[in-house]
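What follows is a short report on a single structure.
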Amino acid sequence: MKIAVLTDSSAYISQTDLDRYHIYVINDPVLFGNHVYHENVDLDSAKFYAMLKTEHVTPTTSQASNGEVQRVLDQVVADGYDTAIIVGLSSGISGFISNVEAYAPTVKDIDVHVWDSRIACSGAGNQVLLAAALAEKGLTVSQIFSRLAKLRETTKVMFVVNDMRHLMRTGRISNGQSLIGTMLQIKPMLAFTPEGKIVATGRERQMKRAFQTIQTSFKQIVADAGYPMRVSIVDANNPELKAQWLATAKDEFPEVTFESSIIGPLIGVHTGEKAMGFIYARDWQTLAD
């Protein structure tokens with residue numbers, strides 16, 4: 001058995017890691033009116049956030065087509081693999097996983113298995129990296145899924161958006177109605193449920209206060225964890241604030257591994273610009289050994 005690992009582009013894995021672990025990417029579509037762009041093809045973060053300010057139409061998202069999934073699988077087969085694991089964006093906010101699960105039984109020449117990350121951005125990306133590292137070591141699909149389950153169980157996010165209207169418009173928040181009355185005056189704090197849906201968990205007046213709340217919560221999380229932790233701090237075109245969060249967090253939690261990633265176009269459609277995320281989990285590399 002030779003296992004390939006695939007993901008959709010919203011995991012925002014660096015090109016270095018994609019190359020290192022031989023990960024295949026299915027590029028997600030983002031629509032501005034009738035014009036369809038694709039992450040990594042003709043739409044990167046810089047272009048997307050610039051368009052968000054200048055375009056007269058509001059962007060929307062869709063799932064990668066079966067044709068795009070098949071195109072990548074054809075390359076996987078051509079490269080000599082007989083089995084594929086597809087790790088995708090949370091089924092709680094996207095139809096990608098359900099579409100691929102429905103399509104997988106029709107695929108010829110390769111055995112396709114689907115894993116729901118139940119999260120987004122680098123939270124999904126680190127599950128992809130773990131799967132790829134384990135596939136490289138020769139583990140079976142069931143063995144890989146067993147370790148992915150351990151990582152997914154510990155993967156959480158605390159994030160804050162600058163403007164609630166994007167999540168309300170796209171319908172990606174489950175309990176947003178409670179914030180409507182004050183959403184223009186607050187910075188909503190959000191999280192993913194165990195089922196992979198987005199819910200509001202609190203509200204702050206300023207990003208600074210939101211980060212202080214995150215730090216306070218994370219102190220207890222680290223104290224209770226009992227395993228090495230890895231944190232990704234992600235931003236939606238907010239690099240200066242991300243740098244501040246990273247520097248402060250590294251000083252506050254020297255025992256934790258911190259890294260930087262992004263909220264790219266597909267997820268940025270829902271969060272809007274300037275959102276910030278604090279994605280934490282057991283360090284995936286401890287599960288790869």
Side-chain angles (χ1 to χ4, degrees), residues 7-12 28-30 39 45 48-49 52 58-63 87-99 115-128 151-204 207 210-211 213-214 217-218 221 231-238 242 245 261-281:
T7 187
D8 72 286
S9 56
S10 70
Y12 306 123
D28 290 310
V30 173
E39 291 186 317
S45 289
F48 169 74
Y49 287 112
L52 203 59
T58 302
T60 57
T61 61
S62 184
Q63 293 79 51
V87 179
L89 172 64
S90 173
S91 62
I93 62 171
S94 169
F96 176 76
I97 287 292
S98 60
N99 286 356
W115 180 261
D116 183 355
S117 72
R118 297 183 189 165
I119 202 160
C121 299
S122 59
N126 285 342
Q127 292 179 47
V128 177
L151 179 58
R152 184 174 66 184
E153 183 181 5
T154 68
T155 302
K156 314 289 182 185
V157 60
M158 296 179 279
F159 69 108
V160 54
V161 294
N162 196 52
D163 187 338
M164 187 71 172
R165 288 174 294 186
H166 299 281
L167 281 165
M168 297 295 294
R169 172 179 59 80
T170 62
R172 293 310 195 274
I173 182 166
S174 297
N175 61 343
Q177 294 296 322
S178 62
L179 299 176
I180 286 179
T182 56
M183 69 181 180
L184 296 180
Q185 292 80 42
I186 63 168
K187 308 299 182 191
M189 299 192 66
L190 308 154
F192 275 76
T193 67
E195 298 75 32
K197 295 182 181 294
I198 296 174
V199 293
T201 60
R203 62 189 77 185
E204 294 291 350
M207 279 285 189
F211 185 51
T213 298
I214 289 171
S217 297
F218 193 59
I221 291 165
V231 174
S232 296
I233 296 182
V234 299
D235 73 299
N237 198 34
N238 206 351
K242 178 170 67 175
W245 282 30
S261 190
I262 63 168
I263 299 171
L266 186 88
I267 305 302
V269 169
H270 307 295
T271 65
E273 193 180 25
K274 305 303 182 185
M276 296 291 300
F278 193 95
I279 303 172
Y280 61 94

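Just the heavy atoms: all of them, side chains too, but no hydrogens, waters or symmetry mates, feed the values below.
Scanning for salt bridge (Lys or Arg N to Asp or Glu O under 4.0 Å) contacts around D116 gives an empty result, with sequence neighbours left out. In terms of the side-chain contact (heavy atoms from CB on, under 4.5 Å) criterion, residue partners of A236 (sequence neighbours excluded) are, by chain and number, Y49, I263, T271, A275. Partners of S62 under the side-chain contact (heavy atoms from CB on, under 4.5 Å) rule, at least two apart in sequence or in another chain, are P29, L31. Y280 pairs by the ring pair (Phe, Tyr, Trp, His ring centres under 6.0 Å) definition with F218, not counting sequence neighbours. For K156, the salt bridge (Lys or Arg N to Asp or Glu O under 4.0 Å) criterion is met by no residue, not counting sequence neighbours. Taking the side-chain contact (heavy atoms from CB on, under 4.5 Å) definition, one finds that N99 meets it with Q63, sequence neighbours left out.
In this model, no donor atom of one side chain and acceptor atom of the other lie less than 3.5 Å apart for S261 and S122. Side chain to side chain, K187 and N162 meet the donor-acceptor criterion of an N or O pair below 3.5 Å.
For the residue pair M207 and W245, the shortest heavy atom distance occurs at O-CZ2, 4.3 Å. Considering every non-hydrogen atom in both L266 and E39, the closest pair reads N-OE2, 2.8 Å. Closest non-hydrogen pair, L89 versus D8, comes out as N-OD1, 3.0 Å. Between A281 and L151, the shortest heavy-atom distance links the atoms CB-CD1, 4.1 Å. P59 and V30 make their closest contact through CB-CG1, 4.4 Å (heavy atoms, listed as atom of the first residue, atom of the second, distance). Nearest heavy atoms, E273 versus N237: OE2-ND2, 2.5 Å.
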- [ ] Report the C-alpha distance between I267 and Y12 in whole Å, list the side-chain angles of each, state the deciding distance to 0.1 Å, and finish with yes or no for side chain to side chain contact (heavy atoms under 4.5 Å, CB included).
- [x] CA-CA 10 Å; I267 305 302; Y12 306 123; 3.9 Å; yes
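Using a 4.5 Å heavy-atom cutoff, the side chains of K242 and I262 are in contact. No side-chain heavy atom of F278 sits under 4.5 Å from any side-chain heavy atom of V157. By the 4.5 Å heavy-atom criterion applied to side chains, W115 and R152 are counted as neighbours. Counting heavy atoms from C-beta outward, I279 and V234 have side chains that approach closer than 4.5 Å. Side-chain contact between I93 and F192: present, with at least one pair of heavy atoms (C-beta onward) separated by less than 4.5 Å. Looking at M189 and T213, their side chains come closer than 4.5 Å, going by heavy atoms from C-beta outward. Residues F96 and S10 fail the side-chain proximity criterion, which asks for heavy atoms closer than 4.5 Å.
Side-chain atoms of S94 never come within 3.5 Å of backbone atoms of S90 as a donor-acceptor pair (strictly under, hydrogens ignored). Distance alone, capped at 3.5 Å, is enough to place a donor-acceptor pair between the S117 side chain and the G88 backbone. The main-chain N or O of V87 is never found under 3.5 Å from a side-chain atom of Q127 such that the two would form a donor-acceptor pair.
Rounding to the nearest 0.5 Å gives a distance of 5.5 Å between CG of N238 and CE of M276.
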